[in-house]
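Working notes for the structure below.
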Amino acid sequence: MDSLVVEAIGLRKSYGARLVLDSVTLRIRAGEIVGLLGPNGAGKTTSLLILATLLRPDAGELRIVGADPRRSAASIRRKLGFVPQSIALFPSLSPLQNLELFARVHGIAKRPARAVATRMLEIVGLTERARDPVAILSGGMKRRLNLAGAMVHSPELLLLDEPTTGVDPQSRERIFATVRQAAAAGAAVIYSTHYMEEAERLCDRVLLIDHGRLIADGTVGELIALGGTQARMEIAFQTEPPTGWLKGLRGISKLPTQSGVGKTVLALASLNQAGEVLERVHTSGAHVLEFSVYRPNLSDAFIALTGHALRDPEPQ
């Protein structure tokens, strides 16, 4: 599954005087789940609208499933599924009727459309609610149905714009499982989110975007390393270890701390070194009151790479 589904080079988009996308370049392959991660206003939705052929960039080159959207938008749309932030369902129809309708819109005949709709309801866990009006479903159920509607035609490219906003944990897990199933079947998935933990759990690769610019592109591990963050260990001692107690432990260094007397903070090359540190403390004759180990994450990387937190408010 190494075929290129999306290739965008130097995409730019402005709304009046405000530059929303600034020379964004990205490539997505079949079977890959790529997270588009950034704060509100970073340019994520604009990027997805362009990839969905619903918005034209001001500049740049773009090919989707091998075609140029400027010449083949209609054919491209038949090969992609798009889940917008807003729920896009007919509330007076049932889940089954909604999915049948979406399937028919994509050119699937009546009888196969019923079969596809039934199968998708099973995948997203809504079989028992198949004939209830959508209007009475919970928010999480509607989000799952929204995702199913984008997948009835087995798209080659699946675009998801914050698909778990406001959902319950059960629905979130079902959405994750459905996205993984789509990727395993060969779809390229672009998953826009501002939830760091979702990108860490779900995505093969993450694109960090901020102020319309692509800040970084890589696996979660690569981005954390690029941000320069390290695992840390904090130890509270009852009795201090002797001077030089860390000597010989490679990849471990002492960090400045304001935690107070009896506290030591260490930078670790690997979390696996925590056991070595505790063993060294034991052999030194010191006594530990408590310790904690901190694993660096995408939030740390984002702050290191952009200079601010993910949820910083927009300036007034």
Side-chain angles (χ1 to χ4, degrees), residues 4-30 32-91 98-99 101-108 142-143 145-165 175 178-179 182-183 187-194 207 209-214:
L4 201 60
V5 177
V6 174
E7 183 175 27
I9 302 173
L11 294 184
R12 291 176 65 86
K13 182 65 182 177
S14 296
Y15 296 124
R18 185 166 66 96
L19 181 62
V20 180
L21 288 185
D22 186 3
S23 300
V24 169
T25 294
L26 56 88
R27 294 172 177 85
I28 315 293
R29 299 187 178 276
E32 190 177 28
I33 303 175
V34 176
L36 189 60
L37 185 64
N40 292 330
K44 303 189 304 295
T45 295
T46 297
S47 299
L48 291 183
L49 289 173
I50 289 173
L51 296 179
T53 74
L54 299 176
L55 191 66
R56 283 197 173 191
D58 299 330
E61 297 296 323
L62 178 60
R63 295 190 71 81
I64 303 172
V65 292
D68 185 339
R70 293 171 296 185
R71 301 180 180 87
S72 307
S75 64
I76 290 171
R77 288 171 188 168
R78 288 194 288 268
K79 298 178 181 179
L80 65 82
F82 179 44
V83 179
Q85 287 186 32
S86 301
I87 300 292
L89 300 168
F90 295 96
N98 267 273
L99 295 187
L101 176 59
F102 295 148
R104 296 301 304 277
V105 167
H106 282 289
I108 300 175
K142 290 176 183 176
R143 289 285 179 188
L145 184 60
N146 220 32
L147 175 58
M151 294 175 56
V152 291
H153 58 304
S154 301
E156 295 179 43
L157 174 62
L158 187 57
L159 306 171
L160 309 176
D161 195 359
E162 301 188 10
T164 62
T165 299
I175 288 171
T178 304
V179 171
V189 180
I190 302 180
Y191 190 100
S192 171
T193 182
H194 56 254
L207 308 177
I209 188 169
D210 189 35
H211 295 301
R213 298 185 62 194
L214 189 61

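Positions are given from 1 along the sequence.
- Residues Asp161 and Ser192 approach most closely at OD1-OG, 3.5 Å, considering heavy atoms.
- Closest approach of Pro155 and Ala187 over heavy atoms only: O-CB, 3.5 Å.
- Expressed to the nearest 0.5 Å, how far CG of Leu62 lies from CZ of Arg70 amounts to 8.5 Å.
- Ion pairing between a basic and an acidic side chain is recognised when a charged N comes within 4.0 Å of a carboxylate O; Arg143 and Glu162 show no such pairing.
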Practice task
Evaluate the criterion side chain to side chain contact (heavy atoms under 4.5 Å, CB included) for residue pair Val65 and Leu80; output intermediate values, then yes/no.
Solution key: CA-CA 9 Å; Val65 292; Leu80 65 82; over 6 Å; no

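- In this structure, the separation between CG on Leu11 and CG on Leu51 is 7.0 Å, given to the nearest 0.5 Å.
- Relative ring orientation between His153 and His106 is described as parallel, the plane-to-plane angle staying below 30° on a 0-90° scale split at 30° and 60°.
- Looking at every heavy atom in both residues, Ala148 comes nearest to Leu99 through C-CD2, 3.9 Å.
- Side-chain contact between Thr165 and Gln85: absent, with no pair of heavy atoms (C-beta onward) separated by less than 4.5 Å.
- Here CD1 of Ile190 is found 5.5 Å from CG of Leu157. Values are rounded to the nearest 0.5 Å.
- Two residues are said to be in side-chain contact when any heavy atoms from C-beta on lie closer than 4.5 Å; Val105 and Val152 fail this criterion.
- Remark: Arg12 engages Asp22 in a salt bridge, criterion side-chain N to carboxylate O under 4.0 Å.
- Judged by distance alone, with hydrogens and angles left aside, the side-chain atoms of Thr193 form no donor-acceptor pair with the main-chain N or O of Leu37 at under 3.5 Å.
- The shortest heavy-atom contact between Val24 and Gly212 is CG2-O, 3.4 Å.
- Looking at every heavy atom in both residues, Leu214 comes nearest to Thr25 through CD2-O, 3.1 Å.
- To the nearest 0.5 Å, atoms NZ (Lys44) and CD1 (Ile209) are separated by 8.0 Å.
- Going from atom CG of Leu21 over to atom OG1 of Thr46 covers 5.5 Å, rounded to the nearest 0.5 Å.
- Taking CG from Leu55 and CG from Leu48, the interatomic distance works out to 11.0 Å, rounded to the nearest 0.5 Å.
- Taking the side chain as every heavy atom from C-beta outward, Leu89 and Phe102 approach each other to under 4.5 Å.
- Qualifying side-chain contact (heavy atoms from CB on, under 4.5 Å) partners for Arg77, counting only residues two or more places apart in sequence or in other chains: Thr53, Leu54, Ala73.
- Contact detail for Ala150 and Val83: the closest heavy-atom pair is CB-CG2, 3.5 Å.
- A distance-only check finds a donor-acceptor pair linking the side chain of Asn146 to the backbone of Ala88 [under 3.5 Å].
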Exercise for the section: Please assess Arg63 against Asp68 for the test side chain to side chain contact (heavy atoms under 4.5 Å, CB included), listing each intermediate value before the final yes or no. Expected result: CA-CA 5 Å; Arg63 295 190 71 81; Asp68 185 339; 4.2 Å; yes

